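Written below as structure tokens is the structure these notes are about.
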Number of protein chains: 2
Amino acid sequence: MVKKIVRESGARPARMPAAERRELILQAATAVFAERGYSGATTDQVAKAAHISQPYVVRMFGTKENLFLEALDRALGKLMDSFRSVIADYDAGRLAGKVALLDPDKGSSREVQLKQLMSLAYADLVQDRGILLMMMQSFIAGHEPVIGACARDGFVGIYRLVRDEAGLGEEMTRDFLAHGMLMNTLISLRLTDLYETNSAVAELLECTMGAKLPLLFASGKAG
Amino acid sequence: MVKKIVRESGARPARMPAAERRELILQAATAVFAERGYSGATTDQVAKAAHISQPYVVRMFGTKENLFLEALDRALGKLMDSFRSVIADYDAGRLAGKVALLDPDKGSSREVQLKQLMSLAYADLVQDRGILLMMMQSFIAGHEPVIGACARDGFVGIYRLVRDEAGLGEEMTRDFLAHGMLMNTLISLRLTDLYETNSAVAELLECTMGAKLPLLFASGKAG
DNA sequence: AGTTGAGGTAATTGGATGATTACTTATCAG
DNA sequence: CTGATAAGTAATCATCCAATTACCTCAACT
């Protein structure tokens, strides 16, 4: 007679519908992939972060690669949704108050104002700490056959959105993306760790993030 | 009696002094780490790229982590040497010809001219394809205890060099770094693969790389 | 010629890790 | 109450990979 296994030490996870669990796993995967990259992350780390067993992660997404792709898609979607809603709100006049704060003289063109607003939206996304770094990890995985292709598509999609939908034009879009990449790098590098002890770092962070710097220190807390 | 192993199929590697072999391995490691990142690369891939055995790679550098650190150090050194020699040459008046080409009116300040010259030097480094991507891989490994710390030091070193030794000041240095990060991203993403088929990509590449775009397509051939 | 040490490899190992299999258990419709 | 199905796990496998061990073999110097 095999001894009946009695579940001890309470930590039994709550059951929930698959769709809901899916989102939790994607959140966990985003955080783990963001820190460790595609190769550096393990499905077990994702499972632990989602408080669930490793086999379930694999079974729900098929492969680690597919999990990464879905997390990437989710991150890209959040970024683009955020930008699109900025554009829509701006064009509907719903951001007049914010614009007045950023640009009291109202001397800037639509593009310049939109650029500032999207920078703000971008910095807001930092609070998740996963979303942006997840994308960054995909951008340097260009050599991976499938992930690389999706990353390229995603990047081009962002370029088109900023250049055409927001209407920033070539050079302004390039500069916008460049500063985004610098922000991503500073965050991923964890330069914030040196903020107190290194005045050059403090200067660079303040100069790059501007008023949005506090968001960086608060990052990681939001879901 | 154990059968004497006779070396067949000639491919026996040439012997060479350890210091020389070391540099070859570092070159190979730079290329491999640049493409696949720290976690994604294997010591065996480095060994194959250097045409030697995997155990020898490990024995010569102790650990994979240490190999990465030495390759990173080498890459950072090359970049900073390159910038420093631009600065020295400029201040010694040895770049008058180049400056005249970039800035026919001679209307720009020292900082602006130096910035352009350093951008040029940066783009020259692209030809290796390993140097810059190696650094980029280290920048997104901020969570690794040892590698992350070295990457932070390296980044801050570059910032100081550009801001203080070249004298670009805060904002200009920030913009310089931002565009460098964008270039790194475009290269790592292999957006060049889409240059022919995607006009938005062609536009972005031309806008970002300017006259230096051909260097990008020629990259990977140099040692 | 013989020894020695540096340059190198084959074989192996132990741990990690993505994936699979075979279960268990909760929930809910009838 | 009772299947049936969906949610979830334990155990295990096969593979990969960094690191170790135990060698081999030239070249240089007595």
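Everything numeric in this text was worked out from a predicted model, so none of it was measured. Chain letters run A, B, ... following the sequence lines, proteins first and then strands; every chain starts at 1. Every heavy atom of this structure was used, including side-chain atoms; hydrogens, water molecules and symmetry mates were not.
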- prompt: Quick one: Tyr56(B) OH to dT21(D) P, roughly how many Å, whole number?
  reply: 18 Å
- request: Could you tell me whether Lys48(A) atom NZ has more than 12 heavy atoms of other residues or ligands within 6.0 Å of it?
  value: no
- prompt: Can you tell which of dG7(C), dT9(D), dT27(C) lies closest to the side chain of Ile52(A)?
  reply: dT9(D)
field: Between P of dA6(C) and CD of Glu20(B), the distance in whole Å
entry: 17 Å
- prompt: With a 3.5 Å cut-off and just heavy-atom distances, do the side chain of Arg15(B) and the base of dG8(C) make a donor-acceptor pair?
  reply: no
task: Could you state the atom-to-atom distance from CD1 of Ile25(A) to C1' of dT9(D) in whole Å?
output: 13 Å
field: Euclidean distance, atom CZ of residue Arg21(A) to atom P of dT27(C) [Å, nearest integer]
entry: 12 Å
field: Gap between atoms CE and P, on Met60(A) and dT20(C) respectively (whole Å)
entry: 16 Å
message: Looking at every heavy atom in both Leu76(B) and Gly154(B), which two are closest together, and how far apart are they?
response: CD1-CA, 3.8 Å
Look for any protein N or O under 3.5 Å of an N or O in nucleotides 16-20 of chain D and output each such pair with its distance, or none.
from, atom 1, to, atom 2, distance (Å)
dA18(D), OP1, Ala41(B), O, 3.4
dA18(D), OP1, Lys64(B), NZ, 3.3
dA18(D), OP2, Thr43(B), N, 2.8
dA18(D), OP2, Thr43(B), OG1, 2.8
dA19(D), OP2, Lys64(B), N, 2.9
dA19(D), N7, Gln54(B), NE2, 2.9
dA19(D), N6, Gln54(B), OE1, 3.0

- prompt: Are the charged groups of Arg190(B) and Glu35(B) less than 4.0 angstrom apart, N to O?
  reply: yes
- prompt: What is the distance from atom CG of Leu168(A) to atom OH of Tyr159(A), rounded to the nearest 0.5 Å?
  reply: 10.0 Å
query: Can you check the Phe33(A) CZ to dT17(C) C1' distance for me, whole Å?
result: 13 Å
- request: Dump the intermediate steps for side chain to side chain contact (heavy atoms under 4.5 Å, CB included) on Phe61(B) and Arg22(B), then the final yes or no.
  value: CA-CA 9 Å; Phe61(B) 291 91; Arg22(B) 219 183 153 74; 3.7 Å; yes
statement: Separation of dT9(C) atom C1' from His51(B) atom NE2, nearest Å, is 17 Å
- line: Minimal heavy-atom distance between Val32(B) and Ala49(B), with the atoms involved, is CG2-CB, 4.1 Å
